[in-house]
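First comes the structure, then the notes that go with it.
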Amino acid sequence: VQLQASGGGLVQPGGSLRLSCAASGFTLDYYAIGWFRQAPGKEREWVSFISSREGNTYYADFVKGRFTISRDNAQNTVYLQMSNMKPEDTAVYYCAASGSNHAKSTWYKDKYEYDYWGQGTQVTVSS
């Protein structure tokens, strides 16, 4: 069971990147997926989420209107399209999967609620 995050790189402010989270060894259809990021010296923070069945999406306020999460079950992949990027978006981005039931309605914001993690991909926004 493995998650592979990719697509990071260097981008100028205002630019765009698309991150991918590919699963191997299991079918992503049945899992909810979250994207998190961690900047140097900071805690890992939640960025975005997509549910397993209905495909409901949620975003942290600081990326709302700029980032879009989507899933392609045929490709067993979840994407994070990032646009109008800012220097403060610089971080290592991680995807995580959860196939469990959760009691709290906002569980998806909690990194401890996820079962599997990808290795992270570096995103740097700089001119």
Side-chain angles (χ1 to χ4, degrees):
V1 174
Q2 199 171 15
L3 285 175
Q4 178 80 28
S6 63
L10 173 65
V11 63
Q12 292 188 338
S16 300
L17 275 179
R18 188 178 77 161
L19 304 184
S20 299
C21 177
S24 58
F26 67 102
T27 303
L28 267 185
D29 301 34
Y30 306 112
Y31 288 79
I33 304 296
W35 282 97
F36 290 77
R37 69 186 187 186
Q38 188 166 17
K42 294 191 175 181
E43 292 283 320
R44 190 171 298 190
E45 62 181 355
W46 170 71
V47 174
S48 184
F49 169 84
I50 186 165
S51 67
S52 58
R53 287 182 286 274
E54 298 85 4
N56 296 326
T57 58
Y58 301 99
Y59 300 92
D61 287 344
F62 52 79
V63 302
K64 205 171 288 184
R66 301 189 298 121
F67 290 11
T68 303
I69 190 171
S70 62
R71 63 193 309 150
D72 184 340
N73 290 335
Q75 297 295 321
N76 216 28
T77 302
V78 169
Y79 301 99
L80 184 69
Q81 177 68 48
M82 305 185 294
S83 303
N84 190 21
M85 297 183 72
K86 304 175 181 180
E88 51 263 44
D89 293 323
T90 296
V92 177
Y93 283 70
Y94 299 88
C95 59
S98 173
S100 310
N101 293 321
H102 305 272
K104 195 174 174 183
S105 62
T106 56
W107 66 268
Y108 51 84
K109 298 182 181 182
D110 186 346
K111 57 184 177 289
Y112 299 109
E113 294 284 345
Y114 289 84
D115 304 311
Y116 307 109
W117 286 84
Q119 84 291 358
T121 184
Q122 176 70 48
V123 171
T124 302
V125 185
S126 175
S127 54

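What you see below is based on every heavy atom in this structure, not just the backbone, and it leaves out hydrogens, waters and symmetry mates.
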Subject >> From NZ (Lys64) to OH (Tyr58), nearest 0.5 Å >> reply: 11.0 Å
**OP:** Calculate, to the nearest 0.5 Å, the distance between atoms OG and CG belonging to Ser16 and Asn84 respectively.
**Re:** 8.0 Å
Subject >> Shared hydrophobic cluster, Leu80 / Ile50 (ILVMFWY, side-chain heavy atoms < 4.5 Å) >> reply: yes
Original post:
How far apart are the closest heavy atoms of Ser20 and Thr77, and which atoms are they?
Top reply: CB-CG2, 4.1 Å
**OP:** Provide the closest heavy-atom pair for Leu17 versus Met85 in the form atom of the first, atom of the second, distance.
**Re:** N-SD, 3.9 Å
Original post:
Are Tyr30 and Leu28 in one and the same hydrophobic cluster, where Ile, Leu, Val, Met, Phe, Trp and Tyr link if side-chain heavy atoms are under 4.5 Å apart?
Top reply: yes
Subject >> Residue of the set Lys86, Glu45, Glu88 for which side chain to side chain contact (heavy atoms under 4.5 Å, CB included) holds with Phe62 >> reply: Glu45
Original post:
Rounded to the nearest 0.5 Å, how far does OH of Tyr31 lie from SG of Cys95?
Top reply: 13.5 Å
Original post:
If you round to the nearest 0.5 Å, how far is OG1 of Thr68 from CE of Met82?
Top reply: 11.0 Å
Original post:
Quick check: are there more than 12 heavy atoms from other residues, nucleotides or ligands sitting under 6.0 Å from CD of Glu54?
Top reply: yes
Subject >> By salt bridge (charged side-chain N to carboxylate O under 4.0 Å, His left out) - contacts of Arg66 (at least two apart) >> reply: Asp89
**OP:** Would you check if the side chain of Thr121 reaches a backbone N or O of Ala5 as a donor-acceptor pair within less than 3.5 Å?
**Re:** no
**OP:** State, to 0.1 Å, how close Ile33 and Ala97 come at their nearest heavy-atom pair, and which atoms those are.
**Re:** CD1-CB, 3.6 Å
Original post:
Are Val92 and Val11 connected in the hydrophobic side-chain network, where two residues link if heavy atoms are under 4.5 Å apart?
Top reply: no
Original post:
Is Ser100 close to Glu113 at the side-chain level, that is, under 4.5 Å between some pair of heavy atoms?
Top reply: no
Original post:
Counting distance only, does the side-chain N/O of Tyr114 pair as donor-acceptor with the main-chain N or O of Tyr108 below 3.5 Å?
Top reply: yes
**OP:** Any pair with a residue in residues 75-102 that passes ring-ring contact (aromatic ring centres under 6.0 Å, His included), sequence neighbours left out, goes on the list, sorted by first then second residue, please.
**Re:** His102-Trp107
Original post:
Hey, any chance Trp46 and Val78 share a hydrophobic cluster, counting ILVMFWY side chains that come within less than 4.5 Å of each other, even indirectly?
Top reply: no
Original post:
Which heavy atom in Ala32 sits nearest to a heavy atom in Ser52, and how many Å separate them?
Top reply: N-CB, 3.7 Å
Subject >> is_close_aromatic(Trp117, Phe36), centroid dist under 6.0 Å >> reply: yes
Original post:
Looking at Trp35 and Cys21, what are the two nearest heavy atoms and their distance?
Top reply: CZ2-CB, 3.6 Å
**OP:** Might you point out which heavy atoms bring Gln119 and Leu3 nearest each other, and give the distance in Å?
**Re:** OE1-O, 3.7 Å
**OP:** Please answer whether the main-chain N or O of Phe26 pairs with a side-chain N or O of Asn76 as donor and acceptor at a distance below 3.5 Å.
**Re:** yes
Subject >> Contact check, side chains of Arg37 and Val123, non-hydrogen atoms, under 4.5 Å >> reply: no
Subject >> Side chain to side chain, Thr57 and Ser48, heavy atoms closer than 4.5 Å >> reply: no
Original post:
Got a donor-acceptor contact below 3.5 angstrom from the Thr124 side chain to the Thr90 backbone?
Top reply: no
